[in-house]
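Take a look at the structure set out below.
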There are 2 protein chains.
Amino acid sequence: MIDLSADRAVFRQLADLLRDQIQSGELAPGRPLPSELRLAQEYGLSRTTVRQAIGQLRTEGLVTVDRPRGTFVRVPERAELVTLGRGERVSARMPTDAERRTYRLAEGVPVLVITATDGSTTVHPADRVQLTRP
Amino acid sequence: MIDLSADRAVFRQLADLLRDQIQSGELAPGRPLPSELRLAQEYGLSRTTVRQAIGQLRTEGLVTVDRPRGTFVRVPERAELVTLGRGERVSARMPTDAERRTYRLAEGVPVLVITATDGSTTVHPADRVQLTRP
DNA sequence: TACGATTTGTACGTATGTATA
DNA sequence: CTATACATACGTACAAATCGT
């Protein structure tokens, strides 16, 4: 399970375990993770360490927190298709805290930035938009 | 500066201050942030709280840590142009921990995922690739 | 309505390890 | 060799919101 003497940090090992359960479907989208206290007791860790592990999964966009109801496996959003115009360029980056609030972005969700030929940019939440080239 | 009685968490207020200094150019790319201990003393906070603030900026991709040299304002990478093929679709997401290691991605950097018409996908670091539609 | 239990968030502290200058 | 700086991991305490009784 978790090897205290391993090179890899304990909280990363716990994140790995939970990520595996999510990606294997053992923890399906919408399902709650065990509470932080539960995980701490289960694995004999401090709550701090458990929170580090869950924090890792949050930054990866794999789980969302509904405080104080619990932490849940993220349910994929329905993505809207946006057509890319001729000459437009696409990049992606993480939003700032302010952008996250204005776009109501969940944690661990990047934004797609489209730059038009005139230099103007538009920003799209990456979990709700997919770009197409017709 | 920092208002302990404010609604906004102290570590978020500190993150806001530092982010402002970065975005205004007061803290230019490549420049080091004050050390965690320094910031803690400067603002009368615990090192834990300072680390939370810096952690926020790390997830936003604004700073990188070169341990134990210090924490630095991220220097933008030179982006390679990748042409988008007909019918291809683009999305973005955060990499897992394993992907970050394989692609040598810095923290807070998303990946661009291109899905071809046959369903195959290719992954590009979002800080080194920009997509074009000719 | 009221209360208590649960759960996550914030903030503090300590100690130790590791790599760099 | 020493000092510095970030990483990990433990602990405590309290706040805030939700939920069931």
I want to verify a distance call: between [options], whose nearest atom is closest to the [X] side chain?
X     : options                : value
B:V65 : D:dA7, D:dT18, C:dG13  : D:dA7
A:R67 : C:dT8, D:dC6, C:dC12   : C:dT8
A:E36 : C:dG13, C:dG9, D:dG11  : C:dG9
A:P68 : C:dG13, C:dA11, D:dA17 : D:dA17

Look at the side chain of A:T49 and the backbone N and O of A:L45, then say whether any donor-acceptor pair between them is shorter than 3.5 Å.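 Looks like no, no N/O pair under 3.5 Å.
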
Side-chain donor or acceptor of A:Q41 paired with backbone N/O of A:R38 under 3.5 Å: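 Here the side-chain-to-backbone pair does not exist.
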
So does [X] get a side-chain nitrogen or oxygen closer than 4.0 Å to the phosphate oxygens (OP1/OP2) of [N]?
X     : N     : value
B:R69 : D:dT4 : no
A:R51 : C:dG9 : yes
B:R58 : D:dA7 : yes
A:T71 : C:dT8 : yes

Are side-chain heavy atoms of A:V10 and A:I2 found at a separation under 4.5 Å? yes

Would you say A:Q23 and A:R19 make side-chain contact, with heavy atoms under 4.5 Å?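 Counting from C-beta outward, A:Q23 and A:R19 do come under 4.5 Å.
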
Look at all strands and tell whether B:S35 reaches a base, only sugar-phosphate, or nothing, counting heavy atoms closer than 4.0 Å. sugar-phosphate

Touch class at under 4.0 angstrom, heavy-atom based, for B:R8 against every strand present: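 The residue B:R8 makes no contact with any strand.
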
Go nucleotide by nucleotide along DNA chain D from the 5' end; which of B:T48 and B:L33 gets its closest nucleotide reached first?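 Comparing both residues, the 5'-ward one is B:L33.
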
Any donor-acceptor N/O pair under 3.5 Å between D:dA7 base and B:R47 side chain: yes

Let's test your reading of the model: under 3.5 Å, does the base of C:dG9 pair with the side chain of B:R12 as donor and acceptor? no

Does B:R78 pair with B:D127 as a salt bridge, N-O distance under 4.0 Å? no

Rounded to the nearest angstrom, tell me the gap between atom CD in A:Q13 and atom P in D:dA9. 8 Å

